[in-house]
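Everything below concerns the one structure shown next.
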Amino acid sequence: MHVALTGATGFLGLRLLRRLLGTHHSVTVLAHAGSADALRRITRFFELTGSPEAFTAELPGRLRVVETDLAQPRLGLSGRAFQKLADGLGTIWHSAGSINLEGDLPGLRRINVEGTRHVLELAAAGRRAPLIRHVSTAFVAGARRDGVAYEDELDDSCGFENAYERSKYEAELLVHAWSRKHGRPALVLRPSILVTDLPPHPELPSHPLQVIERILRDARCSAGPGEPGGPAGRPLIRTVGQPQGRLNLLQVEHAAEVMVRLAGLTPSGGVDTYHVVHDRDVPVPTVVTLLERLVPLSIELVAAKPDTPSALEALLEFYPGMTAYLAHRRRFDDTRVRTRLGPSAASAPVGLDYLWSGLAQRGRPLAPAPGASPDVLPHA
């Protein structure tokens, strides 16, 4: 059955594509209109990540690039082209979307919600009734910062930390409505924060945590001199956070493997939802240590916002979607994944050394940790 993939040039999409090419002779890449270099970017990723030359040489014959616009009805295609595309597909992987934590809701809805709507319309139009694999996020759990988020849960009673979370929640609602309307199965995959130990490279998609690093660097430069000092004379940032907090970070390569394996299971007939998460959480202090090593700042976790914020702290208030996660203590239940896949669903630990490798320039050594602290917490 022929497979199509949106978001194939993205951080996760490239890893999914690698897995899909291991089980399919060819893949249709639904690339963003105007990105005529999609094939070059994909090929370059495989070259930089050590794929055999014979494999990359075959890519032009194994990949069919179709330029689309997810925000437009019929994906921006003519009626005839849209129907021809739909009729040729057996499976559609929808991995494209905006992960801008600071984006406005209308803009995020245009990409994440309407984009999902139009991909579902493509699936509905196909004469082969193509299967849907929708990549969501574990953070549709919203602003509930404690307790356990379960795979069957999908509600907005706790609100959301940012517009990104809300847009992905609304996209999942569309998948459920589509499944009920057409009486067809759908697969929803909810990854946590995806990371890699592959060093940064200008021709590769940015590591999600690189965005936070850039925000901190830009804020530090914009604030100028005279900031209150922390340890070692570094500018001090007081931000609301939970010293006993935990974040779930998962290797992107492992996430892609698990997703493709889950897609191979027999569907229930409705919407099957899986948390693709790590079995051990990373303590918030470990994330703080990482950020302090990446950017010359000192970060202090506090219980409430400072009454008189510094210029630097005031600047960071413009990025609430970034700092909110430092106050999280909840965990994501992945019982269904572990039941279906067994011990192989577990992945290697994600610790400070691993995170540093994926963010620091090649050859930049990891400084000694300032004090002993665990890198990971058990997934209780």
Side-chain angles (χ1 to χ4, degrees), residues 7 9-19 45 48-50 95 97-101 135-139 141 161 164-165 168 189-217 245-260 274-295 299 321-326 328 330-332 334 337 345-362 364 366 369 373-379:
T9 59
F11 186 71
L12 171 61
L14 285 163
R15 277 79 177 186
L16 284 174
L17 181 60
R18 190 201 302 273
R19 293 287 172 181
F45 166 78
L48 291 169
T49 53
S95 177
S98 171
I99 59 171
N100 182 6
L101 298 183
V135 179
S136 183
T137 173
F139 291 87
E161 298 286 15
Y164 164 72
E165 291 183 353
K168 296 297 284 186
L189 301 159
R190 293 179 180 167
S192 56
I193 301 169
L194 299 179
V195 294
T196 184
D197 63 349
L198 187 68
H201 190 283
E203 295 182 82
L204 295 177
S206 294
H207 188 305
L209 294 182
Q210 281 181 272
V211 176
I212 299 177
E213 178 188 359
R214 283 197 292 269
I215 289 172
L216 289 172
R217 287 190 182 279
R246 49 208 280 167
L247 288 173
N248 196 280
L249 285 74
L250 178 67
Q251 299 95 331
V252 64
E253 293 83 5
H254 184 76
E257 176 192 352
V258 168
M259 289 179 181
V260 172
Y274 295 96
H275 279 156
V276 182
V277 298
H278 206 292
D279 58 321
R280 283 161 286 183
D281 297 307
V282 176
V284 162
T286 298
V287 178
V288 169
T289 299
L290 176 71
L291 296 175
E292 288 179 331
R293 285 173 169 165
L294 288 166
V295 185
I299 301 173
M322 175 194 73
T323 56
Y325 298 111
L326 298 179
H328 279 224
R330 72 180 175 207
R331 71 175 182 89
F332 300 105
D334 61 342
V337 174
S347 58
V350 171
L352 187 58
D353 288 355
Y354 180 92
L355 294 170
W356 179 263
S357 297
L359 290 166
Q361 295 298 326
R362 194 180 298 274
R364 184 178 171 189
L366 173 62
S373 63
D375 277 345
V376 293
L377 292 173
H379 198 67

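Counting only heavy atoms from C-beta outward, the side chains of Thr137 and Tyr164 approach each other to under 4.5 Å. Looking at Leu204 and Phe45, their side chains come closer than 4.5 Å, going by heavy atoms from C-beta outward. Using a 4.5 Å cut-off on side-chain heavy atoms (C-beta onward), His275 and Asn248 make no contact. Counting heavy atoms from C-beta outward, Leu290 and Trp356 have side chains that approach closer than 4.5 Å. Annotation: side chain of Leu294 is not in contact with side chain of Leu209 (no heavy-atom distance under 4.5 Å).
In this structure, Pro200 and Ser357 approach most closely via the heavy-atom pair CD-O, 4.4 Å. What you find for Gly10 and Pro205 is that their closest heavy atoms are C-CG, 3.9 Å. Minimum interatomic distance between Leu12 and Ser95 (heavy atoms only, all atoms of both residues): CD2-OG, 4.1 Å. Contact record, Ser136 with Pro191: O-CD, 3.3 Å, taken as the closest heavy-atom pair. In terms of heavy-atom proximity, Leu359 sits nearest to Glu213 at O-OE1, 4.4 Å. Counting all heavy atoms, side chain and backbone alike, Ala141 lies closest to Phe332 at CB-CE2, 4.2 Å.
Aromatic ring orientation, Phe139 versus Tyr325: perpendicular (interplanar angle above 60°, classes split at 30° and 60°).
Judged by distance alone, the side chain of Arg15 and the main-chain N or O of Phe11 form a donor-acceptor pair under 3.5 Å. Judged by distance alone, the side chain of His254 and the main-chain N or O of Ala345 form a donor-acceptor pair under 3.5 Å. A donor-acceptor pair under 3.5 Å is formed between the side chain of His278 and the backbone N or O of Arg280. A donor-acceptor pair under 3.5 Å is absent between the side-chain atoms of Gln251 and the main chain of Val350, judged by distance alone.
If you take CD1 on Ile299 and OG1 on Thr289, they are separated by 9.0 Å, rounding to the nearest 0.5 Å. If you take CD on Glu203 and CG on Leu48, they are separated by 5.5 Å, rounding to the nearest 0.5 Å. Note that the CD1 atom of Ile212 and the CZ atom of Arg217 stand 13.5 Å from one another [nearest 0.5 Å].
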Given Glu253 and Thr196, is the side-chain hydrogen bond (donor to acceptor under 3.5 Å, both in side chains) satisfied, shown in steps?
CA-CA 8 Å; Glu253 293 83 5; Thr196 184; 3.1 Å; yes

With side-chain contact (heavy atoms from CB on, under 4.5 Å) as the test, would you mind laying out the steps for His328 and Glu161 before giving the verdict?
CA-CA 11 Å; His328 279 224; Glu161 298 286 15; 2.8 Å; yes

Begin with the C-alpha distance, continue with both residues' side-chain angles, and end with the deciding distance and a verdict on side-chain contact (heavy atoms from CB on, under 4.5 Å) for Val282 and Ile193.
CA-CA 11 Å; Val282 176; Ile193 301 169; over 6 Å; no

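Around CD1 of Ile99, the count of heavy atoms belonging to other residues, nucleotides or ligands within 6.0 Å does not exceed 12.
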